[in-house]
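Atoms within each ligand, like the ligands themselves, are counted from 1 in listed order. Computed from heavy atoms alone, side chains included, the values below leave out hydrogens, waters and symmetry copies.
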Amino acid sequence: MPVILQPDSAAIAQCAERLRRGHAVAFPTETVYGLACDSTSEAAVAEVYRLKQRPSSNPLIAHVLDAAMAKRTVIGWDIRAQKLADAFWPGPLAIILPRRTEICASSVGGRTTVAVRAPAHPVARALIEAFGGPLSAPSANRSGRISPTSAADVAAEFADVDDLPILDGGPCEVGLESTVLDLSRARPAVLRPGAVTTDDLSRVLGTPVAIFASHTQGASPGTSASHYAPETRAELVAERDLAARLAQETSPVAVIAPAGTAVPAPHELFALPRHASAYAQMLYSTLRRADATRPAAILIVPPTETGGLWDAARDRLMRATARRNGSAAKS
Ligand code: AMP
Ligand code: MG
């Protein structure tokens, strides 16, 4: 069984020591929970990939305390990177730049680049500080499954793993994975939308930043179509089609929809808030709750609002409902 720890200074010190010995620790960030390891240790990185069953080509984000630690992790930290760090760090933005050789090639699927991010969660910061160097960490879920937003979610994902320490930092504030911005290419591009939006980035960089359509162009494995999926078959249904769609269902289904949506028995409504930040924060835990009731299907009424976190949420919903196929990279 994994061990859930209250994140006092003794637990942080114990976890930092475990990381130094080349083992994994689950920790909270403001986006989702992560599974951390020493970015410079091949053995530690291998443990994380094995625990997650993550395809070796899917790169990990290196978590740093600040710009100073980022400069020891990447090459070519320039004025753009510094402006972004000043504006959004600590926070939900990962920046891709060429990696220093100390960062294991295996932690980035053999790439010459690495994504760096300074998380805002105080427990994440305390752990990085106690460890004293970058921590590579993917989301703390089995590959292809929904990212965890609480310590209990992580424990459920790794229920069969002995002795995995999980630092309990409470429910994640953002609830969706970070924005991933690639600064290593000629034009900066967002590979994964998140709480830091393309408008935010364009404003700070003083140049338009676009979302890179990676599943057609193959740049970033974790952004492939089938991803973040519940066990149950999940489908997007427009609000206007919901009643007709439910009428066809003979067994009870779970409906994830904005609060107030009419859902007749025997089907069950899992309501989501109508505010973007509250919606994002609750999305994954709601998917998990709906999945746990083992319904015949999960029907999701996607938000119709656009911009910012709504776009990031819709992006994850598209992946949660995409057909799985063997070649899709997962995270
Ligand atoms: P996760 O660790 O589950 O949050 O996934 C991290 C995702 O960030 C990966 O699946 C990639 O899509 C993206 N990413 C991280 N590092 C890189 C990199 N060096 N190059 C391209 N994409 C990256
Ligand atoms: Mg992930």
Side-chain angles (χ1 to χ4, degrees), residues 24 26-37 39 45 48-49 51-64 70 73-76 81 92-101 103-117 119 121 124 134-149 153-154 157-158 172 174-185 188-196 211-230 283-284 287-288 312 315-316 319-320 328-331:
F27 74 128
T29 82
E30 74 279 23
T31 59
V32 300
Y33 275 69
L35 195 59
C37 65
S39 305
V45 167
V48 163
Y49 277 85
L51 281 172
K52 263 203 82 149
Q53 294 143 15
R54 180 165 168 121
S56 60
S57 60
N58 194 348
L60 308 182
I61 293 172
H63 292 73
V64 296
T73 306
V74 301
I75 299 167
L93 173 67
I95 300 171
I96 297 178
L97 280 169
R99 73 175 158 86
R100 291 194 181 271
T101 50
I103 305 301
C104 293
S106 58
S107 76
V108 287
R111 285 173 178 68
T112 55
T113 57
V114 64
V116 282
R117 164 169 120 79
H121 197 295
L135 292 176
S136 291
S139 51
N141 52 277
R142 253 42 199 260
S143 186
R145 302 255 310 126
I146 301 164
S147 295
T149 54
D153 290 348
V154 181
E157 283 288 320
F158 295 101
C172 298
V174 177
L176 295 180
E177 298 81 355
S178 57
T179 303
V180 177
L181 175 69
D182 193 348
L183 278 191
S184 73
R185 58 180 63 227
V190 167
L191 304 187
R192 177 172 74 185
V196 176
I211 295 186
F212 190 74
S214 55
H215 16 284
T216 51
Q217 294 164 59
S220 199
T223 56
S224 63
S226 170
H227 208 61
Y228 312 103
L283 180 60
Y284 286 155
L287 272 168
R288 278 178 184 272
D315 168 78
R316 305 312 191 271
R319 298 177 205 291
K330 290 171 177 170
S331 129

Would you say Arg99's side chain and Ile75's backbone share a donor-acceptor pair under 3.5 angstrom? no
Relative to the heavy atoms of Arg192, which atoms of ligand 1 are at a distance of less than 4.0 Å? 1 (P), 4 (O), 5 (O), 6 (C), 7 (C)
Hey, is the Mg ion (ligand 2) within less than 2.8 Å of some N/O/S atom on Ser143? no
Salt bridge check: are Arg319 and Glu177 linked by an N-O gap of less than 4.0 Å? no
Among Ile61, Val74, Leu191, Val116, which residue satisfies the side chain to side chain contact (heavy atoms under 4.5 Å, CB included) criterion with Ile96? Leu191
Under a 3.5 Å cutoff, is there a donor and acceptor pairing between the side chains of Arg100 and Thr73? no
What part of Arg54 sits under 4.0 Å from ligand 1 if we count only heavy atoms: the side chain, the backbone, both or neither? side chain
Ligand 1 to Ile96, heavy atom cutoff 4.0 Å, flagged ligand atoms 17 (C), 18 (C), 20 (N), 21 (C), 22 (N), 23 (C)
Does ligand 1 have any atom that is closer than 4.0 Å to a heavy atom of Arg99? no
From the options Thr112, Val180, Thr113, Thr31, select the one whose nearest heavy atom is closest to atom 19 (N) of ligand 1. Thr113
Just by modelled atom types, is the Pro134 backbone N or O under 3.5 Å from a matching donor or acceptor in the Ser39 side chain? yes
Should Glu157 and Arg145 count as an ion pair when the cut-off is N to O under 4.0 Å? yes
Just to be sure I read this right, does ligand 1 sit under 4.0 Å from the backbone of Leu191, its side chain, both, or neither, counting only heavy atoms? side chain
Okay, side chain of His63, backbone of Leu135: is any donor-acceptor separation there less than 3.5 Å? yes
Please answer whether the main-chain N or O of Gly194 pairs with a side-chain N or O of Thr179 as donor and acceptor at a distance below 3.5 Å. yes
Quick check: Glu177 and ligand 1, any N/O pair under 3.5 Å apart? no
Residue-ligand contact Val108/ligand 1, heavy atom below 4.0 Å: no
What are the atoms of ligand 1, with element, lying closer than 4.0 Å to any heavy atom of Asn58? 9 (C), 10 (O)
Sub-4.0 Å atoms of ligand 1 with respect to non-hydrogen atoms of Pro138: 2 (O)
